[in-house]
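Within every chain, numbering begins at 1; the chains are lettered A, B, ... in the order of the sequence lines, protein sequences first and strands thereafter.
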Amino acid sequence: MTTYYGIKDGEEYKPWLWSLSSAQYAGKHGLTRRDGLAKCNGTAVYARDFQMAGALCAKSMEAPYAHAKILSMDTARAATVPGVRKIIKYDDPPIGVASFDGQRYPGALPTLPSENWWAGEICGAIVVADNEMACDEALKILYQDTEWEKLPFHLDCERALASDAAVIYPDLLKNNIYDEEIEEYGDVDSALQSSPNTIDVVIRQTADSAAVVQGACDFVKYLHDDEIEYWGNHETHFLFTSYTPVFLPWIKRVTGHGFVNAGVFGHVWGGLANHLMAARAAKETNGRPVKHLFDSAFYWLGDEVGTYKATIGYKDNGEVTAVKYHHINTGALADQLTQIRQSCKCENIYSKKTFPCQNLGAYHCYRHGANMVLTHVETFNQVANELKMDPTQVALINDGSLGHDMAWITENIKKVQGFDASRDSLKECLAIGKEAIGWDTKWHQPGIKKLENGSYHGIGFVWSHTWYHRPNDSNEPDDLKNRLPWGPLGLAVDAFGKVIVLGDNVEQGVNRDTTYASIIADEMGMKLEDVAFKFANEPAEQRTPFDFHSHADSRGMTTNSTMLGRLGKKAKDMVLSFAMQPRVIAGGWGGITPGNYPPLFPNKQPEELDIKDSVIYEIANPANQATVADLAAVFHTKMFVWDMVPDIDPELQTFSMGRQCHFMEVEVDPETGKVKVEKLVIVNDAGRLISPETYAGQQYGGAYMGFGRSTFEEVIFDPTDGVRLNDDLISYPVPVMNDIEGPIVCHQIETGLGYAAYGMIGVGENIGACVANLSRYAVHNAIGKWVDLCTSPKKILEALGKG
Amino acid sequence: MNIDKKELNSESISRRKFLRDSGLILGGAGLSSILMANACDSGTNTATVTQPITITVADPNTVGKKTTTIAVTINNQPYIAEIKTSSTLQDFLREQVGLLSPKDMCYGYGACGSCSVIMNARPVLSCMVLAAECDGANIITAEEIAASNPVLVDAYIANHCMQCGYCTPGFLVTSQALLNRIPKPSEKDIREALGGNICRCATYSQHIKAILEITAGK
């Protein structure tokens with residue numbers, strides 16, 4: 001029995017049980033990537049390619065110190081630069097609201113403050129001019145004509161908490177703690193006391209940079225005094241549209257447009273700061289639009305910087321009984337316990353999270369998850385090391401979710417909720433990965449294998465659950481109660497029989513158009529080329545009228561595929577319902593004489609019809625057919641449907657069952673500290689693959705990105721003033737092709753163990769976050785010493801006593 | 001951008017007419033540069049050259065107003081261009097010619113390869129070349145490569161050599177330059193040639209695969 005749109009009775013709110021109406025496109029190799037040609041030939045439009053008639057250019061001052069206050073600023077000389085139209089100072093009204101939810105911390109947003117909290121922060125002044133050169137010239141002068149008072153600063157999270165540390169924001173806080181949280185499951189202290197073994201661990205993580213490839217660029221035009229329209233480079237429409245009125249309260253309504261995003265990778269706060277400056281500047285231009293540029297793409301840090309302390313209790317067989325963390329880091333955006341809670345059976349887990357005031361810079365959710373994976377994987381790999389056990393065995397012993405082991409989950413979740421109980425994601429990932437890397441012959445005890453060339457040989461392993469695995473996903477089950485109100489998705493059939501999916505424009509490079517179209521085409525029975533997208537504007541509310549979920553690569557497929565799948569099923573039923581309706585032709589459309597005509601399929605019921613290759617046909621008599629275009633020529637004005645993500649009971653999608661595991665074989669040169677990758681093996685449980693090449697792209701990309709973060713990406717600060725010393729692609733190298741010399745081998749398995757449509761599980765930031773810790777374990781296996789992240793040659797040499 | 005399009009894509013003209021018209025525009029500009037612009041190794045038939053397009057600086061009254069004039073062929077189209085002396089080739093291509101494939105990832109440090117173009121048969125970083133240096137040069141950009149080498153582009157698309165795509169034109173240019181130099185490159189050749197191009201999405205493995213597929217005749 002099925003519902004009216006093809007989902008079996010009782011399965012409407014269980015998208016993992018849905019099946020595709022056909023599988024002509026989804027999961028198939030070789031579909032032409034729709035954005036491919038435009039991205040090859042330069043016609044894909046990025047924010048900095050865009051030109052708007054009449055637009056002025058604006059740039060803002062960027063703080064030259066880690067923490068300082070402007071004492072005075074004389075704009076007279078800068079204002080004489082030819083082309084300069086306006087210089088807006090920090091004390092010029094109207095002044096925006098410099099706080100967010102009553103809180104300002106590095107990472108939250110100022111609106112042109114006079115006191116900066118990190119080097120490079122937008123502050124002090126905005127120059128509006130005819131062109132970028134004039135802005136740059138005026139800003140040079142403005143720096144000379146501004147007097148600063150340097151203030152105390154901290155670049156070390158632990159140091160900021162010391163009793164003798166200067167309080168850096170005394171007007172706001174009594175100490176340098178801006179937030180502290182405690183989270184506990186089970187009874188950790190008792191479990192630690194009764195554990196046969198315990199170990200204390202400390203890891204320190206240095207800062208890395210998002211180093212996004214296109215500096216922020218936003219266009220803002222005032223439609224009315226209280227209403228703006230913007231065009232920007234970002235991945236999160238809802239932040240811009242909903243938060244702009246919070247920070248700039250004279251703005252009541254925002255309409256937004258997106259471009260092809262250039263590697264923004266969660267460039268949330270940087271993009272929003274730039275957008276606010278554009279909106280502030282455009283207020284002064286008598287209606288002319290303003291383009292605001294912010295070149296310092298390097299100033300956005302990852303959110304994992306800091307110190308991780310843990311006490312781990314474990315049994316002699318490698319089973320972890322309790323773990324107690326103290327996280328002292330910048331990562332207020334991340335929940336450090338997510339990975340370990342979702343991926344292990346240990347019931348007793350505690351975390352005290354301390355977020356110190358510091359002046360490192362704005363962090364944001366650039367591949368965040370790395371710190372969560374570190375918390376998780378460090379626990380088990382440390383235990384394996386203490387017991388001299390194979391870490392893959394320790395992983396299997398501890399695998400589970402939310403305090404339950406996999407046997408319990410099989411009986412109580414997989415079987416009850418309709419999943420394939422015979423599948424075990426971690427076991428399958430491990431079997432493939434170990435075979436691909438040659439684990440059984442290559443793994444050895446740490447520090448014991450030297451090669452003929454004098455280098456140490458090492459092999460490392462990390463694992464985690466594969467997020468995002470739920471259609472309405474957030475990091476924690478509790479967040480489901482407060483999830484963002486995603487909007488509906490719309491679909492129309494035009495007069496030529498083309499299916500048009502209506503959504504907002506968040507293009508993250510993950511082959512959205514082709515992948516999404518393949519789901520709609522398969523569900524409706526349309527040809528892939530007959531499915532297209534139109535991207536709608538966005539009003540000021542927190543949702544779009546038609547909404548692809550904004551975090552397009554973090555969790556986009558798990559959410560959006562569920563919306564698309566149901567929408568496609570519903571749209572197919574809509575089309576078939578019109579096939580049975582009398583056709584009333586009022587005009588002469590398509591050469592058809594006006595009048596009343598019988599239905600295309602008279603006396604048929606929907607279940608007697610089907611659609612394939614955009615042709616409607618009678619199942620019992622396939623020769624009886626008509627095209628969707630024939631139908632749409634008459635009914636297109638009525639052929640519209642919309643749908644939302646089904647409101648799935650959070651209790652039905654709590655446990656994570658999909659896994660990933662990754663392996664790295666290295667040679668470590670004891671003379672230089674250089675890590676040479678011999679082989680990387682990336683294994684992910686996709687649940688269900690929709691676009692294999694896109695998925696593999698995430699794996700290859702995550703491998704390189706993770707390797708860079710794990711091994712050499714590190715922001716260096718001048719300890720005397722907190723200014724970054726490597727803020728360009730010369731001094732801050734990011735991974736290039738030859739940084740990984742050995743092969744990268746990617747495997748995908750499809751267990752169907754995800755809660756999204758068809759059993760799908762996300763992949764977006766999983767791999768980069770996971771591999772970002774991998775070199776720590778490969779290097780440890782090589783040299784027998786623990787090296788903090790990133791495992792730079794300098795740290796490796798220090799660990800070897802050669803620093 | 002201020003382009004005189006009155007003779008754009010019009011009939012082929014004689015060399016004599018081209019030189020006469022160019023000479024009128026250039027005044028004292030070097031004749032040799034004009035000859036070079038049309039005789040370089042782009043495959044253009046020098047006997048039937050396309051009418052040059054004239055470009056002037058759009059905003060001469062602002063900072064950087066000192067100008068000069070160059071003759072340059074871009075994607076087989078001759079241009080007579082007034083340029084700011086401070087303009088890089090990248091600035092010129094993007095802001096005056098309107099070719100947006102040379103991207104700006106590293107802000108003029110010459111570190112990323114995303115602004116690569118082929119200049120006189122060699123790949124160059126257009127952010128590292130002054131437009132004034134291009135007098136007489138033959139420039140090929142990703143726009144032309146995508147139009148003229150569908151095999152390479154198809155391989156790029158089929159192998160998903162792009163995610164966000166910001167760096168992809170630069171890779172395409174560098175790959176074309178490699179294939180021009182070594183029609184059947186090894187993986188080592190590919191790694192050497194593309195080793196300076198940055199892709200923050202890290203599509204590196206796919207580029208190697210795409211080029212090897214082309215040379216294997218797949």
Side-chain angles (χ1 to χ4, degrees), chain A residues 30 32-33 35-46 48-49 81-83 129-131 133-134 136-137 211-215 260-265 295 297 507-511 693-694 696-698 700-705 708 728-730 734-738 740-741 744 746 768, chain B residues 1 59 61-65 84 86 94-95 99-107 109-114 141-147 152-154 156-169 171-172 190-192 194-208:
Chain A
T32 299
R33 185 176 171 131
D35 61 354
L37 180 59
K39 287 179 174 176
C40 283
N41 67 13
T43 56
V45 178
Y46 301 83
R48 293 205 173 203
D49 296 333
V81 172
D130 289 339
N131 58 35
M133 289 179 74
D136 289 338
E137 193 68 19
V212 299
V213 303
Q214 180 187 232
V260 178
N261 283 315
V264 289
F265 306 127
D295 292 343
E507 208 288 290
Q508 292 289 85
V510 288
N511 195 23
E693 292 96 339
T694 308
Q698 293 295 301
Y700 285 119
Y704 265 102
M705 293 187 80
D728 58 65
L729 286 171
I730 297 285
V734 299
V736 293
M737 184 177 282
N738 296 322
I740 298 180
E741 297 176 45
I744 302 171
C746 297
Chain B
M1 185 168 59
D59 54 347
N61 296 321
T62 55
V63 178
K65 63 185 177 182
K84 295 177 188 174
S86 58
R94 286 180 61 86
E95 296 169 12
L99 296 171
L100 299 174
S101 68
K103 302 299 184 190
D104 186 5
M105 187 192 299
C106 67
Y107 302 101
Y109 282 86
C112 69
S114 64
T141 72
E143 283 87 347
E144 169 62 19
I145 294 166
L152 177 60
V153 173
D154 288 349
Y156 257 57
I157 297 171
N159 285 283
H160 286 228
C161 295
M162 68 289 294
Q163 284 189 30
C164 84
Y166 199 67
C167 68
T168 312
F171 271 94
L172 192 77
I190 297 167
R191 283 180 172 271
E192 282 180 0
L194 300 185
N197 286 66
I198 289 175
C199 173
R200 198 64 172 121
C201 307
T203 55
Y204 301 120
S205 305
Q206 292 93 318
H207 292 275
I208 297 171

Item to check | Part of A/Ile730 lying under 4.5 Å from any heavy atom of chain B | outcome: both
Checklist entry - Just how far is it from atom CD1 of B/Ile157 to atom OG1 of A/Thr32, taken to the nearest 0.5 Å? => result 7.5 Å
Checklist outcome for this item: Cut-off 4.5 Å, heavy atoms of chain A, and the answer for B/Leu172 is side chain
Item to check | Portion of A/Thr694 that has a non-hydrogen atom of chain B nearer than 4.5 angstrom | outcome: both
Next on the checklist: I'd like to check A/Val212 versus B/Arg200 (side-chain heavy atoms, cut-off strictly below 4.5 Å). Are they in contact?
Outcome noted: no
Next on the checklist: Working to the nearest 0.5 angstrom, can you tell me the gap between B/Ile190 CD1 and A/Met737 CE?
Outcome noted: 8.0 Å
Checklist entry - Using non-hydrogen atoms only, which part of B/Asn159 is less than 4.5 Å away from chain A: side chain, backbone, both, or neither? => result neither
Next on the checklist: Please determine whether side chain to side chain contact (heavy atoms under 4.5 Å, CB included) holds for the pair B/Asp104 and A/Arg48, giving the CA-CA distance in whole Å, both sets of side-chain angles, and the decisive distance to 0.1 Å.
Outcome noted: CA-CA 9 Å; B/Asp104 186 5; A/Arg48 293 205 173 203; 5.6 Å; no
Item to check | Contact class of B/Gln206 relative to chain A, heavy atoms under 4.5 angstrom | outcome: side chain
Next on the checklist: Is B/Asp154 in contact with chain A via its backbone, its side chain, both, or neither, using a 4.5 Å heavy-atom distance?
Outcome noted: neither
Next on the checklist: Nearest 0.5 Å, please: how far is CD in A/Gln698 from SG in B/Cys201?
Outcome noted: 8.0 Å
Checklist entry - Looking at B/Ser114, B/Ser101, B/Gly165, B/Cys199, which has the largest count of heavy-atom pairs under 4.5 Å with chain A? => result B/Gly165
Checklist entry - Any sub-3.5 Å donor-acceptor pair from B/Tyr204's side-chain atoms to A/Pro735's backbone N or O? => result yes
Item to check | Heavy-atom contact with chain B under 4.5 Å, split by part of A/Val260 | outcome: side chain
Checklist entry - If you count heavy-atom pairs under 4.5 Å with chain B, which of A/Cys40, A/Gly42, A/Gly36 comes out on top? => result A/Cys40
Next on the checklist: Nearest 0.5 angstrom please: B/Cys164 SG to A/Gln214 CD, how far?
Outcome noted: 8.5 Å
Item to check | chain B contact via A/Ile740 - side chain, backbone, both or neither, heavy atoms under 4.5 Å | outcome: backbone
Checklist entry - Atom OG1 of B/Thr141 and atom CG of A/Asn41: how far apart are they, to the nearest 0.5 Å? => result 9.0 Å
Next on the checklist: Treating A/Tyr704 as the side-chain partner and B/Ser205 as the backbone partner, does any N or O pair qualify as donor plus acceptor under 3.5 Å?
Outcome noted: no
Next on the checklist: Only pairs of heavy atoms separated by less than 4.5 Å count here; which of B/Pro169, B/Ala142, B/Cys167 has the most with chain A?
Outcome noted: B/Pro169
Checklist entry - Which residues pass the salt bridge (charged side-chain N to carboxylate O under 4.0 Å, His left out) test with B/Glu192, sequence neighbours left out? => result B/Lys188
Checklist entry - Can you say whether B/Tyr109 sits under 4.5 Å from chain A via the side chain, the backbone, both, or neither, judging by heavy atoms? => result both
Item to check | From B/Tyr166 atom OH to A/Asp49 atom CG, the distance as rounded to the nearest 0.5 Å | outcome: 6.5 Å
Checklist entry - Considering residues at least two apart in sequence or located in another chain, which fulfil the side chain to side chain donor-acceptor pair (under 3.5 Å) criterion with A/Asp35? => result A/Arg33, A/Lys39
Item to check | Contact class of A/Tyr46 relative to chain B, heavy atoms under 4.5 angstrom | outcome: side chain
